[in-house]
Amino acid sequence: MDKTYQPQSLEAHWYQTWESRGYFAPQGHGTPYCIVIPPPNVTGRLHMGHGFQHAIMDALTRYHRMLGCQTLWQVGTDHAGIATQMVVERQLNAAGTNRQAIGRDQFVQKVWEWKEESGDIITQQLRRMGSSLDWSRERFTMDAQLSKVVEKVFIDLYNEGLIYRGNRLVNWDPQLLTAISDLEVISEEETGSLWHFRYPLAAGAKTADGKKYIVIATTRPETMLGDTAVAVHPDDERYKNLIGKRIALPLCDREIPIIADAYVDREFGTGCVKITPAHDFNDYEVGKRHDLEIINILTNNAAINENAPAAYQGLDRFDARKLITRDLEALGLVDKIVPHQLKVPRGDRSGVIIEPYLTHQWYVTVQSLADPAIRAVEDGSIEFVPKNWENTYFAWMRNLQDWCISRQLWWGHRIPAWYAEDGAVYVGSSEAEVRKQHKIPAATALRQDEDVLDTWFSSALWTFSTLGWPDDREFFDKFHPTDVLVTGFDIIFFWVARMIMMTLKFTGEIPFKKVYITGLVRDEHGQKMSKSKGNILDPIDLIDGITLDELVRKRTADMMQPQLKKEIEKLTRNSFPDGIAAYGTDAVRFTFYSLAATGRDIKFDLNRTEGFRNFCNKIWNAARYVLMNCEDKPAAQVPDPQYLSVADKWISSRFEQVAADMENAMANYRFDLASQTLHEFIWNEYCDWYVELSKPVLWDAENNPAQAEATRYVLLTVLEKSLRLLHPFMPFITEEIWQRVAPLMAITGDSIMLQPYPRYDASKVDKDAEQSIEWIKSVIIAIRNIRGEMDISLGKTIDVFLTKGSPADRQRLEAYRLYLQKLAKLSSITWLEAGKKAPASATQLHGDLEILVPLAGLIDVAAEQARLQKEIGKLEGALNAVSSKLGNAKFVDNAPVEVVAKEKEKQQQMSGSIAALRAKLEQLAAI
RNA sequence: AGGCGCGUAGCUCAGUUGGUUAGAGCGCUACCUUGACAUGGUAGAGGUCACCAGUUCGAAUCUGGUCGUGCCUACCA
């Protein structure tokens, strides 16, 4: 074995072995356990969120597989409509063409080509993470079978009247030229202006204070071209007299009415609101209430259209804004322009400002779907972990808007609807089907809807469409409902809620029993990771390492805003002056587990990854030690219990407690506690103590072969069981070591991943052994403490005396003398009878037991006095607290007896210690 | 404006129904290349648990408030 752990050399090998042998597919006859992967974008790349969530899903999957469940982690990808189409369009643009030029069929063909070309990047990355996904069942949202389900669901919902086509305002992305759902609009506060314009009153009307105009305020001046009213509050005394009068809309040859509507906030601005029903959601509602004209003044790419005055036609919306402001200025109609903070809606993909835009779109009526979905969570059929996310779910579900499912894209599931010349709509699985069903003669032309469905529409069907519903029900019947969905809170609305609604509607089953909501992975400063911030990390780069230059190049490639490059480069060079080291998959995964606490932010700290890389190395070397001592010997046999040392019994006992803790942590999705438990046990108990305690036994093998044999057996078994305990979290290193350890124990299995997970076994618990080892550790630590504080090098062996302890202490000294001598580097350790005079010494206490290291030229008296003083000070502080507690009659009367007893014992213990230490001080002073 | 979360060691975080001398990892200090491991070992320093008030015999933990901070939802043109 190498002296240090080298993950690179073995990860690919083991993954390939597992996959090619079919270990990831469900097997056996245990209870089915299923997780479906939240489908990543087929042409996307792994980010830290994926890394985190997949680490968790894999731990759950491997854990249940080892528990003997028939385990399926269903894999697949989604087609990511907008994102993928954008990428291919950019490629076309770079090649000097565009999708319109090549036409729909050829464009879709190009996307498929791109999918084939790049689609395995993400799946290869999933493999690098060690994910035990069943690749034989890989699915894609645009597969024929899944598409069929999408079509069926659409048609069924339509036939039930739950899908309809409506002409309404939608969020329009003028760059991508498609509607997007309100969830895909990100509104952020930006600094803009509030323009105050004077709108002249028509027909000589005047305001209450005699002005010939009223002042309206707007954040989007260009929309004034589409104004069809000005609204005031019905009870606003300032304008009451103007209600019903008219305004001569400037720049437009048009008069518009002044209307009263309670929607107006009298406090804001001037209390007069321009109403543009075609370009504002609130105004649209006002317009409906007052039966106002709706004038659309924008083209689909947000230029001014032919409904506006000729002077502005063809101008981009922001050029029009400038020109309109200038023209109004020239007319003396600009009252003022003030800086204004406003929420600007931007498309989450394109980043451009979204326009409310009047179009025909398809909608799902969600209310009737929502009710059962709410109930499923209310009655506990579906549980969120942590539970408080249920509130978020309820809040959204109880205030649902109809879901706009059509997208003006070419990449996706085409809407199965056909239009006749007369505008009639027919929905069906194909044109032929539609003709047949509605008896439409061939002479009547039918045209299929140009649009495709929102990607989330197909994702909402994911748990049952991937499992073969409705026709091929073997897997569906076995694995649905799935056990747990692991995902981030940012898509509770997008995906989780819609999945619950659709799955209940169509299968009558919930899609999953639990929803484990993970935090969001942030950078080391708590910033959200994003391309534009330039702080993204690729989990693969943590696994393989990356040079600084390469990292900078990656972070600044394909920027939407190239001007940020310099800043990002600086930040990156600052954060990673030496690039990133190769930590290996196991260390990266373990970092994720350690951070998977209940909070909603996960600040990713590479220092922790480094710590876990070291942990891997620690495990590696512990295994090296065990193997060096056990190889070339006959396979370990269960030893006769009489040869087991106290250390052997202790570590076996401790292991059982750890197994119990693991079960508890996994049941509660506390991967942080699980990782901590494993780290603590393996490093601080097995390596630091058990391995050290085994050395005196193994080094003395010639004199006590049976004991040495027993210790080898325990070294091996606890290592082997610990590897199994650890395997769901660190699959690679555990497999590599296990393959070497298993033969020494005559274990015949092919892979650790198919071995049983260790369960708590009460018969191995040995409290006496645990207490004895605690005693041994305490005495050794006491001596080491004196060494450390007194600067006595470990190279120097010393003499130690024990005195004033109980008969049990004395027995232990005799029984465990060897351990004490070796681990504390003692030349002798002697029990001093109570009456006998001790030499001047440095002293440590363990209960009543005094541990004495004679000064004998080693120790400076003053230093020991200072050390004792410090110790006494500490104890006195603690004693004061305890004594005042016990002096309080209310405490003694009210607290449970066992608490009071405990405090009394502490008090006695501490005052005893203080007295003993004082005596030592006096003794030293007398020298 | 509502809702949710967070504030514990220099940093990243645990602390399960109120009772520990408040913990871990990293970092820091000192010493140590000893036969698994310097990606290591041993010892140590470091916290008024944001603040205030309350409940209680007892609060990091429960209640109310304040301050700071982050996110989500809805929005004022």
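Any value given below was found using the heavy atoms of this structure, including those in side chains, with hydrogens, waters and symmetry copies removed.
- Contacts of A/V882 with the nucleic acid, taken as non-hydrogen atoms under 4.0 Å apart, are absent.
- The separation of B/A30 from B/U16, taken at their P atoms, amounts to 37 Å, rounded to a whole angstrom.
- Backbone-only engagement by A/L673 is indicated by non-hydrogen atom pairs under 4.0 Å involving sugar-phosphate atoms exclusively.
- Residue contacts shown for A/N785 are limited to sugar-phosphate atoms, with no base heavy atom under 4.0 Å away.
- Contacts of A/R613 with the nucleic acid, taken as non-hydrogen atoms under 4.0 Å apart, include base atoms.
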Do A/S594 and A/D672 pass the side chain to side chain donor-acceptor pair (under 3.5 Å) test, and can you show the C-alpha distance, the side-chain angles, and the key distance before you say yes or no? CA-CA 4 Å; A/S594 74; A/D672 60 325; over 6 Å; no
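- Separating the C1' atom of B/A38 from that of B/U42 is a span of 13 Å, rounded to the nearest Å.
- Set against B/U20, B/A24, B/G70, the side chain of A/Q676 has B/A24 as its closest nucleotide.
- With both ends at atom C1', the span from B/A45 to B/U29 equals 7 Å, rounded to whole Å.
- In summary, A/E871 and A/R867 do not engage in a salt bridge, as defined by a charged side-chain N under 4.0 Å from a carboxylate O.
- Among the nucleotides B/G19, B/G5, B/G70, the one closest to any side-chain atom of A/D601 is B/G70.
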Go through the steps to decide whether A/Q657 and A/D661 satisfy the test side chain to side chain donor-acceptor pair (under 3.5 Å), and finish with yes or no. CA-CA 6 Å; A/Q657 186 55 53; A/D661 290 347; 3.1 Å; yes
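- Between B/A50 and B/A60, the two C1' atoms lie 12 Å apart (nearest whole Å).
- Residues A/L744 and A/R712 fail the side-chain proximity criterion, which asks for heavy atoms closer than 4.5 Å.
- Base pairing analysis places B/U66 opposite B/A50; the two distances defining the Watson-Crick or G-U wobble pair are each below 3.5 Å.
- The gap from the C1' atom of B/C11 to that of B/U63 amounts to 32 Å, rounded to the nearest Å.
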Kindly determine whether A/Y625 and A/S694 satisfy side chain to side chain donor-acceptor pair (under 3.5 Å), including the steps that lead there. CA-CA 11 Å; A/Y625 167 80; A/S694 76; 2.7 Å; yes
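- Side-chain nitrogen and oxygen atoms of A/R624 include at least one within less than 4.0 Å of the OP1 or OP2 phosphate oxygen of B/C37.
- Base contact: A/W699 has a heavy atom under 4.0 Å from a base atom.
- Checking B/U12, B/A77, B/A36 against the side-chain heavy atoms of A/C687 singles out B/A36 as nearest.
- When heavy atoms are screened at a 4.0 angstrom cut-off, A/K822 is found touching no nucleic acid atom at all.
- Salt bridge annotation for A/R266-A/D236: absent, with no cationic side-chain nitrogen under 4.0 angstrom from a carboxylate oxygen.
- The phosphate of B/U20 (OP1 or OP2) has a side-chain N or O of A/K885 nearer than 4.0 angstrom.
- Residue A/K825 is out of contact with every strand shown, counting any heavy-atom pair closer than 4.0 Å.
- Across all strands shown, A/K695 has heavy atoms under 4.0 Å from base atoms, whether or not it also approaches the sugar-phosphate.
- Judged by Watson-Crick or G-U wobble contacts below 3.5 Å, the nucleotide B/G58 has no partner.
- When rounded to the nearest whole Å, the span between CD of A/E267 and P of B/A77 equals 15 Å.
- Regarding A/I602, its CD1 atom lies at a distance of 13 Å from the P atom of B/C6, rounded to whole Å.
- Going from atom OH of A/Y686 over to atom P of B/C37 covers 15 Å, rounded to whole Å.
- Of all nucleotides listed (B/A43, B/A74, B/A77), B/A74 comes nearest to the side chain of A/K343.
- Among the protein residues, A/H196 comes within range of no part of the nucleic acid, since none of its heavy atoms lies under 4.0 Å from any strand.
- Comparing the same atom, C1', in B/A59 and in B/C28 gives a spacing of 32 Å after rounding to whole Å.
- Taking atom CD on A/E905 and atom P on B/G19, their separation rounds to 18 Å, with Å as the unit.
- Closest to the A/K618 side chain, of the nucleotides B/C31, B/A14, B/G40, is B/G40.
- Across B/G5, B/A77, B/C71, the shortest atom-to-atom separation from the side chain of A/N388 is found for B/G5.
- The separation between A/L595 atom CG and B/U12 atom C1' is 7 Å, rounded to whole Å.
- As judged by a 4.0 angstrom heavy-atom cut-off over every strand, A/W195 is placed among residues making no nucleic acid contact.
- In this structure, of B/A45, B/U12, B/U20, it is B/U12 that holds the atom nearest to the side chain of A/K603.
- Across the C1' atoms, B/G47 and B/U34 are found 36 Å apart, a figure rounded to whole Å.
- The one candidate from A/Q341, A/H340, A/R346, A/K343 that meets the side chain to side chain donor-acceptor pair (under 3.5 Å) condition with A/E190 is A/R346.
- Ring pair A/F384/A/W389: centre-to-centre distance not below 6.0 Å.
- Nearest-nucleotide mapping onto RNA chain B: of A/Y5 and A/W689, the residue sitting toward the 5' end is A/Y5.
- A/N614 places its CG atom 8 Å from the P atom of B/C26, with the value rounded to the nearest Å.
- For the pairing with A/I259, the side-chain contact (heavy atoms from CB on, under 4.5 Å) check across A/V286, A/T228, A/V273 returns one residue only, A/V286.
- Here B/A43 is the nucleotide among B/A43, B/G41, B/C71 with the atom lying nearest to any side-chain atom of A/I781.
- Nearest nucleotide to the side chain of A/N621, out of B/A36, B/A43, B/G5: B/A36.
- Within the 4.0 angstrom heavy-atom criterion, no nucleotide atom of any strand lies near A/R220.
- Nucleic acid contact for A/F493: sugar-phosphate only, since backbone atoms but no base atoms lie under 4.0 Å from a heavy atom of the residue.
- Distance from the side chain of A/V264 is smallest to B/A77 among B/C31, B/A77, B/C71.
- Between the side chain of A/E692 and the base of B/A36 there is at least one donor-acceptor pair of N/O atoms closer than 3.5 Å.
- At the phosphate of B/A38, OP1 or OP2 sits under 4.0 Å from a side-chain N or O atom of A/K3.
- Checking the phosphate oxygens (OP1, OP2) of B/G41, a side-chain nitrogen or oxygen of A/W683 falls inside 4.0 Å.
- Residue-level contact check: A/A895 touches the bases, meaning some heavy atom is under 4.0 Å from a base atom.
- One interatomic measurement links the two molecules: CZ of A/F281 to P of B/C75, which rounds to 9 Å at whole-angstrom precision.
- The CG-P distance, from A/D893 to B/G58, rounds to 13 Å in whole Å.
- Of the C1' atoms belonging to B/U61 and B/G18, the separation is 6 Å, rounded to the nearest Å.
- If you check every strand for non-hydrogen atoms under 4.0 Å, A/S793 touches nothing.
- Using a 4.0 Å cut-off between charged nitrogen and carboxylate oxygen, A/K695 and A/E692 count as a salt-bridge pair.
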